[in-house]
Amino acid sequence: MSAQSAQTASAKLLAIKWQRPHLSILNQLLLPHASEYVDIKTSADGHHAIVSMQTRGAPAIAIVAALSLAAEVSQQQFNTAQQTYNFITGKLDYLATSRPTAVNLFDAITKLKRAIKISLDSQDDVAVAYIDAAEAMLAADVADNQSIGRNGARFIEESSGVVGKIKVLTHCNTGALATAGHGTALGIIRSLYQKPESILEHVYFGETRPYNQGARLTAYELLCEEIPSTLVCDSAVSALLRTDPTIVAIIVGADRVAANGDTANKIGTYQLAITAKFHGRAFIVAAPTTSIDLAVTSGKDIVIEERDPSEITAASGFVQTSLEAGKLVRETLCVAPKGTAAWNPSFDVTPAELITAIVTEKGVFVKDQGAAEYDLAASI
Ligand SMILES: CSC[C@H]1O[C@H](OP(=O)(O)O)[C@H](O)[C@@H]1O
């Protein structure tokens, strides 16, 4: 890819734009067929963007929440530091009600409350302290993801066990569109592919029913960056692993990793871990430490978001003829018969015993010999 086209690709993949005090986000509900930004002026706008999934992805949710309130605070006039503190903590508690599973949001809220408490106690400007702390999260996430990319690429090169070129498979969207930039699992794939004389030949990715983050968003990222890739149905992965031994690893993101390594991630991840185990392939979780929740001892304590069953019983998209005419006409197609019951958990939990490694910005964690679980409290 030329430098110019790489620049174009990264511009297309900028999910979050922050220029104090202005925040805008790429509306991922319109991707891949339209690339439109939405202005986020208040925490209410941020809450809506997260609940509606205009923005999604564990790290991106936290950063959009934090910066939406920074935009709002920038427009407010406060009489006292205590009033500022009370306003901010109240809005953070409201943002915490948006989506329950990704711990990054709650980690950010805890850190932001700590930052403004320090400024209140030291009689510094509470509003400025908040905005500075929120902005720092954006920059830190990009740096974390680039470290995850380097750590994961090295781990795969050193452990693939295959002479010559390899292929990998990923699930959902864990790239620049799910984070502040570069990505976690897709960040590892990006880093591996961009290496000189890369061993990575091809990327398979699942459509990720029912919201199609794979078919819509990961496809968009991989095509933008001209990374050789193939979309498969979620239900085709076991057959694919059986036919292609050069698929050495399945690499996924995380929304919440428990202290023992059990990992909540997009629905379908658990069965990918099972088929990876059956076929003797590595199953790698990529996540910043802001996705690790040491307060949760195991996956059984992780709250799993359930979304509207209509996401399964119906299919929404843009009418092909309208796209060809340069228009965006969105239609909803009924798939299941009216009255069909559907169970629509947005995430599932993969037990630590099925996870080969957890790649973070601080390093790659593997289980002790013979252990079924991780001890992440001792690692991070
Ligand atoms: C970089 S982690 C992204 C993580 O979030 C996704 O969920 P959603 O699209 O519903 O926000 C999925 O679980 C990914 O692994």
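Residue indices begin at 1 and follow the sequence shown. In listed order, ligands and their atoms are each counted from 1. We use all heavy atoms of the structure for the numbers below, so side chains are in, but hydrogens, waters and symmetry mates are not.
Distances below 4.0 Å separate heavy atoms of R99 from the following atoms of ligand 1: 8 (P), 10 (O), 11 (O). Residue-ligand proximity, M53 to ligand 1, at heavy-atom distances under 4.0 Å covers atoms 10 (O). Taking every non-hydrogen atom of Q213 and a distance limit under 4.0 Å, the qualifying atoms of ligand 1 come out as 8 (P), 9 (O), 10 (O). Per-residue contacts place P59 under 4.0 angstrom from the following atoms of ligand 1 (heavy atoms of the residue considered): 1 (C), 2 (S). Atoms of ligand 1 lying under 4.0 Å from at least one heavy atom of N173, given by number and element, are 3 (C), 14 (C). Below 4.0 Å from some heavy atom of T184 lie the following atoms of ligand 1, by number and element: 1 (C). With ligand atoms numbered from 1 in the order given, ligand 1 contributes 2 (S), 15 (O) to contacts under 4.0 Å with heavy atoms of A254.
For H33, the ring pair (Phe, Tyr, Trp, His ring centres under 6.0 Å) criterion is met by F318, not counting sequence neighbours.
For atom 14 (C) of ligand 1, the nearest non-hydrogen atom of the protein is N265 OD1, 3.6 Å. Closest protein heavy atom to atom 5 (O) of ligand 1: D255 OD2, 3.2 Å. Of all protein heavy atoms, the one closest to atom 11 (O) of ligand 1 is G57 N, 2.8 Å.
Within 6.0 Å of atom CG in D368, 12 or fewer heavy atoms from other residues, nucleotides or ligands are found, so the atom counts as exposed in its surroundings.
Less than 6.0 angstrom separates the ring centroid of H47 from the ring centroid of Y94.
Between E221 and K12 there is no salt bridge, since none of the side-chain N atoms of the basic residue sits less than 4.0 Å from a carboxylate O of the acidic one.
Residues Y211 and L231 do not share a hydrophobic cluster, clusters being chains of Ile/Leu/Val/Met/Phe/Trp/Tyr side chains in contact below 4.5 Å.
If you check each of K266, H171, Q28 against atom 8 (P) of ligand 1, the one with the closest non-hydrogen atom is K266.
Contact annotation: for Y211 versus ligand 1, there are no heavy atoms closer than 4.0 Å.
At least one side-chain heavy atom of L92 sits under 4.5 Å from a side-chain heavy atom of K113. Side-chain contact check for L200 versus I189: some heavy-atom pair is nearer than 4.5 Å.
Cation-pi geometry between K277 and F283 is not met at under 6.0 angstrom from the ring centre and within 45 degrees of the axis.
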